[in-house]
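These notes concern the structure reproduced below.
The sequence lines fix the lettering, A, B, ..., with proteins before strands; numbering per chain opens at 1.
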There are 2 protein chains.
Amino acid sequence: MASQQDVAKRARVSFMTVSRVVNNHPGVKSETRERVLSAIRELAYYPNAAARTLNGRGTRNIGMIFPHKEFVLSRPFFIELCVELESHLSDTGYHLFLGSVRKETGSLDLTVLFKERKVDGLVIFAPERDDESVKRLAAEGLPFIVVHGRSDAVEYSYVDIDNERGVSRIMRYLFDLGHRRIGFVSGNMEEVNAQDRSACYRRELEAVGVGFDERIVHTGDWSLESGYEGFRALVGRAPAPSAIVFSNDQMALGAIKAAHDLGVSIPGDVSITGYDDIKYASFVVPALTTMRQPLDRVGEAVATLILERLDGRSECRRVILEPEFKIRDSCGPARAGGSPP
Amino acid sequence: MASQQDVAKRARVSFMTVSRVVNNHPGVKSETRERVLSAIRELAYYPNAAARTLNGRGTRNIGMIFPHKEFVLSRPFFIELCVELESHLSDTGYHLFLGSVRKETGSLDLTVLFKERKVDGLVIFAPERDDESVKRLAAEGLPFIVVHGRSDAVEYSYVDIDNERGVSRIMRYLFDLGHRRIGFVSGNMEEVNAQDRSACYRRELEAVGVGFDERIVHTGDWSLESGYEGFRALVGRAPAPSAIVFSNDQMALGAIKAAHDLGVSIPGDVSITGYDDIKYASFVVPALTTMRQPLDRVGEAVATLILERLDGRSECRRVILEPEFKIRDSCGPARAGGSPP
DNA sequence: CTGTTAGCGCATTCAG
DNA sequence: CTGAATGCGCTAACAG
């Protein structure tokens with residue numbers, strides 16, 4: 001494979017001149033430049049990334065870290081984000097790296113990826129609160145940003161969607177429809193997002209003077225199955241909730257199945273809401289009322305922030321995006337009566 | 001960041017000895033080895049991948065190439081495969097690389113990733129038949145394998161699922177239920193998979209003496225929307241099909257929505273089948289009868305094959321996995337009558 | 001068993 | 001405007 005040396009020979013210059021041309025350095029006679037350029041083309045020369053990295057130019061790789069397998073599988077959501085991110089990043093010459101899905105066996109040391117010179121930066125999805133590996137990254141001053149997760153203990157840049165706004169908007173909507181007994185199915189409570197949404201649900205409830213009742217709260221894990229189970233459990237309580245808020249669409253989809261199996265009508269008997277607005281949310285019957293996460297803007301923000309960190313600009317930034325409420329067909333007015341059998 | 005030199009100094013040996021220890025070379029006195037090992041630990045030393053690559057040791061990166069954005073988005077399916085693959089590959093020290101989703105702007109030159117020393121090998125998903133960039137890879141003898149796509153023109157290793165078997169099993173099932181007028185909604189016909197399934201549908205039809213009728217065939221693109229459209233279109237034909245075969249689950253899901261909007265009952269009026277068995281297939285109502293792709297085994301096979309290619313073993317292998325028919329609730333017996341209004 | 005020398009491909013000095 | 005020397009961190013080939 002052609003190296004700068006080969007190109008240099010062919011263009012009858014030193015390899016230094018080739019280097020300058022490759023890197024668009026000024027101060028190369030245009031005639032010489034042309035000669036080099038055509039030699040490059042003829043030999044199909046491409047700069048060796050490893051050599052560049054060795055000279056301290058970075059890797060131009062960005063790693064993505066997911067908390068665990070199920071995280072990826074249960075959120076078709078995030079794939080779209082990856083694609084979005086890839087398209088933004090590739091414009092600036094960066095490549096995306098599946099920085100390995102974290103093992104069940106404890107949190108692995110993410111600094112290794114930097115020390116091995118595999119990546120220049122990391123995008124970490126939904127770490128646990130006060131995650132050790134994130135702390136270490138911050139302590140060593142490594143460039144990374146977090147998506148869906150914030151921390152009060154550690155200073156870092158992150159992008160998130162306003163859960164506060166999202167959940168309270170949903171709750172107000174349900175209140176307006178006359179619902180008072182509103183159940184909740186959470187995501188995996190080890191994740192900050194799940195915690196936030198859950199906390200906000202409780203706060204809103206208390207804000208209107210409706211007490212929090214743990215009997216109509218189910219701890220799920222974002223999966224279809226846990227949504228199914230959650231619905232089943234909550235509807236079986238007495239008195240049953242007239243509406244149930246799910247922490248993501250996937251679980252709400254599971255609930256629709258459960259409702260069918262139980263002979264419960266949505267929204268006739270029980271209203272439900274999702275969160276994310278995955279593609280399928282508008283295709284399920286009944287179409288899901290849900291809170292859309294603005295993926296395109298998240299992707300853009302993530303790209304911008306990580307690039308900033310790589311530039312060495314030191315301030316950490318937080319970008320909180322607004323979700324968009326999508327009212328569809330899965331909610332109805334609360335019925336005067338009670339609940340289905 | 002600590003280099004071999006630093007470790008060497010601390011362990012009072014030359015850096016060569018450190019290198020030997022790091023690479024598990026035999027012939028280092030165990031006492032010395034211990035000293036080096038603890039120096040490594042104390043300094044948190046990790047070998048610099050760039051330097052290794054520069055010495056011709058490869059990158060230990062495998063790139064994944066997707067045909068286009070929509071491909072990824074329309075198949076939650078493939079994400080699972082990535083995760084599966086990642087877990088197999090990381091065991092052998094390889095990292096996955098999102099080798100960039102291919103742009104709309106013509107097929108980019110994949111050999112660049114090799115020339116730039118970004119990857120050691122490539123896993124290419126669903127390339128077009130006789131794709132130029134695949135041809136070039138093969139011509140240059142670069143290690144890559146293809147998933148979902150084969151070629152008669154070019155020699156390469158690939159993993160696929162037996163579409164032949166899959167589709168014919170579905171067709172026989174429908175025939176057994178008494179269906180004769182069977183519609184078909186294809187995937188994006190630029191992909192080999194879509195072509196194969198489509199061809200097989202036709203062949204099976206003719207095998208039982210039922211003529212192929214292009215009026216009940218719709219060309220989709222794997223998306224929910226195209227499934228919706230396809231169903232709508234086919235059901236509107238006269239005489240309407242009593243069953244429709246969809247080339248993937250996503251489109252079948254779109255059809256379920258369409259049926260609801262049209263007031264058509266599945267499987268009462270029309271039977272439908274999907275393909276893939278995505279997670280949601282068993283949660284939708286009616287649960288989708290579909291052909292399961294054995295993702296875990298695909299992931300395993302892909303990992304094995306690409307590793308073989310990297311080893312330099314020269315023969316190309318083809319691995320054809322068997323799909324598994326999942327009979328659920330979306331098909332019923334053909335009714336004597338005709339079709340719904 | 002351990003150390004020395006050389007070079008992978010490139011970019012940053014500094015000289016011409 | 002161009003070239004020569006030097007080193008990034010590591011390993012392979014040879015010496016001791």
Exercise for the section: Name every residue in residues 48-58 of chain A that has at least one heavy atom under 4.0 Å from any atom of DNA chain D, in order of residue number, or write none if there are no such residues. Expected result: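 Output list: A:Leu54, A:Asn55.
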
Practice task
For DNA chain D, determine which residues of residues 30-41 of chain B have any heavy atom closer than 4.0 angstrom to one of its atoms, and list them numerically.
Solution key: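 Residues of residues 30-41 of chain B under 4.0 Å from DNA chain D: none.
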
Practice task
Verify, without hydrogens or angle tests, whether B:Ser157 (side chain) and B:Arg318 (backbone) share a donor-acceptor contact under 3.5 angstrom.
Solution key: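 Here the side-chain-to-backbone pair does not exist.
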
Problem - Contacts of type side chain to side chain donor-acceptor pair (under 3.5 Å), residue A:Ser151, not counting sequence neighbours - result: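 By the side chain to side chain donor-acceptor pair (under 3.5 Å) rule, A:Ser151 matches no residue at all.
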
Side chain to side chain contact (heavy atoms under 4.5 Å, CB included) with [X]: which residues, sequence neighbours excluded?
| X | answer |
| --- | --- |
| A:Leu295 | A:Phe77, A:Glu80, A:Leu81 |
| B:Lys9 | none |
| B:Ser30 | none |
| A:Phe15 | A:Gln4, A:Gln5, A:Ala8 |

Problem - Opening and closing nucleotides of DNA chain D in contact with chain A, under 4.0 Å to non-hydrogen atoms - result: D:dC1 to D:dG9

Exercise for the section: Using heavy atoms and a sub-4.0 Å distance, could you list which residues of residues 3-18 of chain A are near DNA chain C? By number, please. Expected result: A:Ser3, A:Gln4, A:Phe15, A:Met16

Exercise for the section: Have a look at A:His148 and tell me which of A:Phe66, A:Phe78, A:Trp222 forms a ring-ring contact (aromatic ring centres under 6.0 Å, His included) with it. Expected result: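 Among A:Phe66, A:Phe78, A:Trp222, the one meeting ring-ring contact (aromatic ring centres under 6.0 Å, His included) with A:His148 is A:Phe78.
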
Exercise for the section: Between A:Pro26 and B:Ala2, just flag the one whose closest nucleotide in DNA chain D comes earlier from the 5' side. Expected result: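 Checking each residue's closest nucleotide, the 5'-ward one belongs to A:Pro26.
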
Under 3.5 Å, which donor-acceptor pairs do the side chains of residues 19-28 of chain A form with other protein atoms, sequence neighbours left out?
unit_1, atom_1, unit_2, atom_2, d
A:Asn23, OD1, A:Arg52, NH2, 2.9
A:Asn23, ND2, A:Ser19, O, 3.0

Completion exercise
Note: chain B reaches DNA chain C at heavy-atom distances under 4.0 Å over the stretch, first to last nt, 5' to 3', of C:dC1 to C:dG9

Practice task
Rounded to 10°, tell me the angle between the two end axes of the helix from C:dC1-D:dG16 to C:dG16-D:dC1, each built from five pairs.
Solution key: 40°

Practice task
Decide yes or no for B:Ile145 and B:Arg309: does some side-chain heavy atom of the first lie under 4.5 Å from some side-chain heavy atom of the second?
Solution key: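 Yes; the side chains approach each other to less than 4.5 Å.
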
